[in-house]
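These notes are about the structure you will find just below.
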Amino acid sequence: MRNKIVAGNWKMNLDYQQGVSLFSEIVNMAKDEVMGHQQVVVCSPFIHLHSIAQLAKGASQVAVGAQNIYFEEAGAYTGEISAAQVKSTGAAYVILGHSERRAYFGEDDYVLGKKVDTALKHELIPIFCIGETREERESDRYFEVIGEQLKKGIFHLSNDSFQQVVLAYEPVWAIGTGLTASPEQAQEVHAFIRNAVAEQYTEDLAERTTILYGGSCNPKNAPDLFSQPDIDGGLIGGASLKSRDFIDIVKVFNH
């Protein structure tokens, strides 16, 4: 049975006090309302990580993650943060390859591959993002684009290492635009990703790989999206900044 995960990405939002307050609400609501085996992950700005990781100790189903790391271990890299530093806060996950990192900060698959290796070395679970732009979608090149992102960014891993990775499909054209891939569109790509993993590794490993959907997921569309056979949860942006909305998405997996 694949792990079901709902991960929140706060992006560059919330000051320190706001973040701690929101996370406290999420933890308390999760304790009271989350009845399944799903994992809740909150990926916050670096300033929140240590404090919210302490709060997460009281809720076994809630974990904390960072939004980025640098691939070097340490040194003269002003403004960057290392995997060891993130790990020392109590964080367990890290988002890598988010479309905003690729688009705004020029991170390519070669750099991302090194970041994945560094994260795994320090026992952080990468949430590795892949997805196509609107132009790539409209020109029917999205399978090609996603296949290349997988091949160059993460398919260098051994079977054992790949087992530690969570994948997230984010149609770039549906992030922050109000557009959402239909459940059928999302399922088509998730099935393609799972098949690519099976071809690179094994059918068994592909069946155990958690693949999240990351494109404008909210409490209204989450049930239809999460009911698809190859969608194992969500990477949630805007809705993760509202405790009620976020927990309602998590509760889709209650049973």
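All residue numbers refer to positions in the sequence shown, counting from 1.
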| query | Can a salt bridge be assigned to the pair Arg102 and Glu107 using a cut-off of 4.0 Å between side-chain N and carboxylate O? | reply | no
| said: Side chains of His190 and Gln228: any donor to acceptor distance under 3.5 Å? | reply: no
| said: Looking at Arg101 and Asp108, is there a salt bridge between them, counting it only when a charged N and a carboxylate O are closer than 4.0 Å? | reply: no
| Gln187 and Tyr213: CA distance, side-chain angles, deciding distance, side-chain hydrogen bond (donor to acceptor under 3.5 Å, both in side chains) verdict | CA-CA 9 Å; Gln187 165 60 24; Tyr213 173 74; over 6 Å; no
| Do Glu72 and Ser82 have side-chain heavy atoms sitting under 4.5 Å apart? | no
| task | Indicate the atoms forming the closest heavy-atom contact of Leu22 with Lys242, along with that distance. | result | CD1-C, 4.4 Å
| said: For a quick test of reading the model, state the closest non-hydrogen atom pair linking Leu157 to Tyr201 and the distance between them. | reply: O-OH, 2.8 Å
| request: Mark yes or no for whether Glu132, through its side chain, and Arg141, through its backbone, hold a donor-acceptor pair below 3.5 Å. | output: no
| Val94 with Leu167, same ILVMFWY side-chain cluster at under 4.5 Å | yes
| Going only through I, L, V, M, F, W and Y residues with side-chain contacts under 4.5 Å, is there a path from Ile26 to Ile47? | yes
| said: Apply side-chain contact (heavy atoms from CB on, under 4.5 Å) to residues Val197 and Phe162 and explain how you reach the verdict. | reply: CA-CA 10 Å; Val197 174; Phe162 190 86; 3.6 Å; yes
| field | salt bridge (charged side-chain N to carboxylate O under 4.0 Å, His left out) involving Lys114 - partner list, sequence neighbours excluded | value | none
| query | How would you list, by chain and number, every residue that makes a side chain to side chain contact (heavy atoms under 4.5 Å, CB included) with Val252, sequence neighbours excluded? | reply | Ala222, Pro223, Phe226
| field | Residue pair Lys121, Glu73: steps toward the side-chain contact (heavy atoms from CB on, under 4.5 Å) verdict | value | CA-CA 10 Å; Lys121 178 180 178 180; Glu73 295 286 334; 3.2 Å; yes
| Single-linkage hydrophobic cluster, 4.5 Å side-chain cutoff, Leu235 and Trp10 together | no
| His50 and Gln54, any side-chain heavy atoms less than 4.5 Å apart | yes
| request: Report the C-alpha separation of Lys115 and Asp109 in whole Å, then their side-chain angles, then the decisive distance to 0.1 Å, and conclude whether the salt bridge (charged side-chain N to carboxylate O under 4.0 Å, His left out) test is met. | output: CA-CA 10 Å; Lys115 288 190 174 190; Asp109 294 310; over 6 Å; no
| Side-chain ion pair, Arg244 and Glu25, N-O less than 4.0 Å | no
| task | Report whether Phe253 and Ile236 are members of the same hydrophobic cluster (ILVMFWY, side-chain heavy atoms less than 4.5 Å apart, transitive linking). | result | yes
| query | Given side chains that start at C-beta, do those of Leu205 and Thr202 come closer than 4.5 Å, heavy atoms only? | reply | yes
| said: For Gln38 and Asn254, which I'm curious about, is there any donor-acceptor pair between the side chains at under 3.5 Å? | reply: yes
| query | Has the side chain of Asn195 got a donor or acceptor atom that lies under 3.5 Å from a matching backbone atom of Ala191? | reply | no
| Can you check whether Ser182's main-chain N or O pairs, donor with acceptor, with Gln185's side chain at less than 3.5 Å? | yes
| field | Shortest non-hydrogen contact between Pro126 and Ala119, atoms and distance | value | CG-CB, 4.2 Å
| Heavy atoms, side chains only, cut-off 4.5 Å: are Ile211 and Arg194 in contact? | yes
| field | Least distance between heavy atoms, Ala91 atom then Gly65 atom | value | CB-CA, 4.3 Å
| message | Under the rule for side chain to side chain contact (heavy atoms under 4.5 Å, CB included), what residues qualify as partners of Phe46, not counting sequence neighbours? | response | Leu49, Ala66, Asn68, Ile81, Val86
| task | Output yes when a side-chain donor or acceptor of Tyr93 lies under 3.5 Å from a complementary backbone atom of Val42, and no otherwise. | result | no
| query | With distance as the sole test, does Glu138 use its side chain to make a donor-acceptor pair with the main-chain N or O of Glu135 at under 3.5 Å? | reply | no
| Got a sec, which residues hit ring pair (Phe, Tyr, Trp, His ring centres under 6.0 Å) with His156, two or more places apart in sequence or on another chain? | none
| task | Assign the ring pair Tyr16 / His48 to parallel, tilted or perpendicular, where the plane angle (0 to 90°) is split at 30° and 60°. | result | parallel
| Do you know the tightest heavy-atom contact between Leu212 and Ala7? | CD1-CB, 4.5 Å
| query | Going hydrophobic residue to hydrophobic residue with side-chain gaps under 4.5 angstrom, can you get from Ile125 over to Phe155? | reply | no
| field | Side-chain donor/acceptor of Tyr77 to backbone N/O of Gly79, under 3.5 Å | value | no
| query | Thinking salt bridges, do Lys11 and Glu100 make one under a 4.0 Å N-O criterion? | reply | yes
| So, Ser216 side chain and Ala174 main chain: donor-acceptor pair closer than 3.5 Å or not? | yes
| field | Partners passing side chain to side chain contact (heavy atoms under 4.5 Å, CB included) against Phe192 (at least two apart in sequence or in another chain) | value | Phe143, Ile146
| task | Report, as yes or no, whether the 6.0 Å neighbourhood of atom CZ on Arg208 holds more than 12 heavy atoms from other residues, nucleotides or ligands. | result | yes
| task | Would you check, one step at a time, whether the test salt bridge (charged side-chain N to carboxylate O under 4.0 Å, His left out) holds for Glu207 with Arg2? | result | CA-CA 7 Å; Glu207 280 303 310; Arg2 293 193 293 272; 3.2 Å; yes
| Is it true that atom CD of Glu123 has more than 12 heavy atoms of other residues, nucleotides or ligands lying nearer than 6.0 Å? | no
| request: Verify whether one side chain among Thr133 and Glu136 offers a donor that lies under 3.5 Å from an acceptor in the other. | output: yes
| note | In short, Ile249 meets Cys217 closest at the heavy-atom pair CD1-O, 3.9 Å
| request: Say whether Ser24 and Ser21, considering side chains only, have a donor N or O and an acceptor N or O under 3.5 Å apart. | output: no
| Side-chain touch His98/Glu170, heavy atoms, less than 4.5 angstrom | yes
| message | The test is side-chain contact (heavy atoms from CB on, under 4.5 Å); show your working for Asn159 and Ser161 and say whether it passes. | response | CA-CA 6 Å; Asn159 281 41; Ser161 293; over 6 Å; no
| query | Given a cutoff of under 4.5 Å between side-chain heavy atoms of I, L, V, M, F, W and Y, with clusters grown through shared members, what are the other residues clustered with Phe105? | reply | Tyr104
| message | Pairing donors with acceptors under 3.5 angstrom, does anything connect the side chains of Tyr70 and Gln85? | response | no
